[in-house]
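Have a look at the structure below, then the notes.
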Amino acid sequence: MKSELTAALWLLPILAAGATEHTAPLPAGELSHIHGVVLPAGSDDVLLATHFGLYAVNRTGMATMISAAADDFMGFTSGTDGRLYASGHPGSGGNTGVIGTSGAGAEWSHLSDGVGGPVDFHAMTVSPADPDTLYGSYGGVQVSRDGGRTWALAGSGPSELIDLAAAADEPGHVYAATTTGLHQSVDFGKTWSPVAEGPPVTAVEVASDGGLHAFVPGTGFLALNDTSELVPVGEMKDTVVLHMAFDPDDQGHLVAVTAESQVISSMDGGRSWSSFAP
């Protein structure tokens with residue numbers, strides 16, 4: 001079971017070798033190996049971090065590369081102040097460390113190598129309670145309290161971590177999706193306790209209003225209720241979701257990315273889903 005799940009999670013489709021930078025829009029369906037998704041405030045576009053650059057996808061389904069180079073963007077996330085953060089690999093090889101920008105289309109800058117880096121954060125999140133508090137997963141769970149400029153190793157984190165999502169109530173509160181369920185820390189990632197043990201959680205995301213959604217393969221989308229229980233929201237048994245994002249302008253609007261690099265959208269809080277664009 002675990003070996004099959006691991007294959008489903010990590011053996012994602014990859015763009016053909018020798019892919020080139022796209023200066024003109026292309027159908028979003030041609031994008032693959034998507035590492036993250038962000039819905040910027042005040043915009044109808046969806047930002048997709050891929051193995052070959054950062055793309056903006058509009059409602060017609062056309063994707064335009066907005067990064068300066070076709071680098072591998074991973075750990076892609078955003079803060080409530082509109083700042084974007086990423087990690088990954090430059091086209092020339094090696095690890096990027098932590099990079100950031102003030103918003104879509106703005107120039108990216110190197111912020112830090114992280115602890116033991118240059119790091120390659122596959123999972124990364126910004127606290128809705130404090131946009132200067134960031135978490136990343138590399139050699140354990142790392143935390144920054146100054147907008148990504150300096151980092152400390154908080155601890156080893158829960159085993160077999162897949163995704164991170166900072167809570168909205170306190171900067172030190174963060175959730176982790178793992179192969180053994182959903183876990184949380186209330187001390188900036190130093191210690192962890194289970195929220196819901198059992199089947200794997202492949203993606204977790206927190207809205208600015210505190211709402212949490214998680215995805216469990218074979219079940220679908222779940223939400224954390226007032227008694228800290230994960231309850232079903234929307235059934236989806238035929239795919240695996242790896243990334244999702246809330247619309248900061250409308251907490252009922254979510255966008256998610258599946259293991260097949262399909263971009264899907266919900267306008268009713270995750271109960272029903274359809275393709276993001278025609």
Side-chain angles (χ1 to χ4, degrees), residues 1-16 19 26-39 45-63 72-78 86 88 122-125 160-165 175 177-179 181-182 199-207 212-223 230 232-247 252-278:
M1 169 66 180
K2 183 176 288 187
S3 62
E4 292 177 358
L5 172 66
T6 302
L9 295 180
W10 304 121
L11 294 181
L12 304 181
I14 302 175
L15 286 174
L26 75 162
E30 292 186 12
L31 298 179
S32 64
H33 211 170
I34 299 172
H35 297 309
V37 56
V38 164
L39 283 165
D45 288 350
V46 170
L47 303 183
L48 298 176
T50 81
H51 193 75
F52 291 98
L54 178 64
Y55 286 80
V57 181
N58 64 26
R59 279 289 179 179
T60 69
M62 300 305 292
D72 186 359
F73 280 74
M74 304 191 75
F76 182 54
T77 189
S78 67
H122 285 206
M124 199 173 179
T125 184
E160 300 186 76
L161 187 151
I162 299 172
D163 197 12
L164 288 168
Y175 294 96
T178 79
T179 59
L182 183 68
V201 176
T202 60
V204 60
E205 189 63 27
V206 173
L212 179 147
H213 276 47
F215 187 86
V216 174
T219 298
F221 292 90
L222 297 96
L230 283 177
V233 175
E235 183 178 293
M236 188 176 292
K237 296 184 177 181
D238 298 329
T239 190
V240 174
V241 166
L242 298 179
H243 310 286
M244 63 176 128
F246 283 92
D247 185 341
H253 179 205
L254 296 92
V255 170
V257 178
T258 74
E260 296 82 19
S261 292
Q262 294 176 321
V263 182
I264 56 177
S265 175
S266 172
M267 298 302 297
D268 55 10
R271 291 185 290 276
S272 62
W273 294 81
S274 60
S275 295
F276 169 72

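The structure presented is a predicted model; accordingly, all values stated were derived computationally and were not measured.
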**Prompt:** Looking at residues at least two apart in the chain, or sitting in another chain, which of them share a side chain to side chain contact (heavy atoms under 4.5 Å, CB included) with Thr77?
**Reply:** Tyr85, Met124, Val126

**Complete:** What one should report as the nearest heavy-atom pair of Met74 and Asp72 is CG-OD1, 3.5 Å

**Asked** CG/Leu222 to CG/Leu182 distance, rounded to the nearest 0.5 angstrom?
**Response** 10.0 Å

**Request:** Could you grab the distance from atom OG of Ser265 to atom NE2 of His253, nearest 0.5 Å is fine?
**Result:** 3.0 Å

**Request:** Answer yes or no: is there a side-chain heavy-atom contact under 4.5 Å between Val263 and Leu48?
**Result:** yes

**Request:** Search all heavy atoms of Leu230 against all heavy atoms of Ala214 and return the closest pair with its distance.
**Result:** CD2-CB, 4.5 Å

**Prompt:** Do the non-hydrogen side-chain atoms of Ile34 and Thr50 ever get within less than 4.5 Å of each other?
**Reply:** yes

**Prompt:** Parallel, tilted or perpendicular: which describes the rings of Phe221 and Phe215, with under 30° parallel and over 60° perpendicular?
**Reply:** perpendicular

**Request:** Assess the pair Phe52 and His33: is the distance between their ring centroids shorter than 6.0 Å?
**Result:** no

**Message:** Determine whether a donor-acceptor pair (N or O, by modelled atom type, separation under 3.5 Å) exists between the side chain of His35 and the backbone of His243.
**Reply:** no

**Message:** Tell me whether Asp163 contacts the main-chain N or O of Val204 through its side chain, where contact means a donor paired with an acceptor under 3.5 Å.
**Reply:** yes

**Message:** Restricting to non-hydrogen atoms, name the atom on Val240 and the atom on Pro217 that form the minimum distance, rounded to 0.1 Å.
**Reply:** CG2-CB, 4.2 Å

**Request:** Give a yes or no on whether the backbone of Val241 and the side-chain of Thr202 come within a donor-acceptor separation of less than 3.5 Å.
**Result:** yes

**Item:** Spacing of Met244 atom CE and Trp273 atom CH2 [to the nearest 0.5 Å]
**Value:** 7.0 Å

**Complete:** Which of Ile264, Val37, Leu47 passes side chain to side chain contact (heavy atoms under 4.5 Å, CB included) with Val255? It is Val37

**Request:** Report the distance from atom CG of Asp45 to atom CZ of Arg59, rounding to the nearest 0.5 Å.
**Result:** 9.5 Å

**Request:** Would you check if the side chain of Ser266 reaches a backbone N or O of Ser272 as a donor-acceptor pair within less than 3.5 Å?
**Result:** yes

**Prompt:** To the nearest 0.5 Å, what is the distance between CD (Glu235) and OG1 (Thr219)?
**Reply:** 8.5 Å

**Fill in**
Output for pair (Asp247 CG, Leu254 CG), nearest 0.5 Å, gives 8.5 Å

**Item:** With sequence neighbours excluded, residues passing side chain to side chain contact (heavy atoms under 4.5 Å, CB included) with Ala49
**Value:** Leu54, Phe73, Phe76

**Message:** With a 4.5 Å cut-off on side-chain heavy atoms, are Ile162 and Thr179 touching?
**Reply:** yes

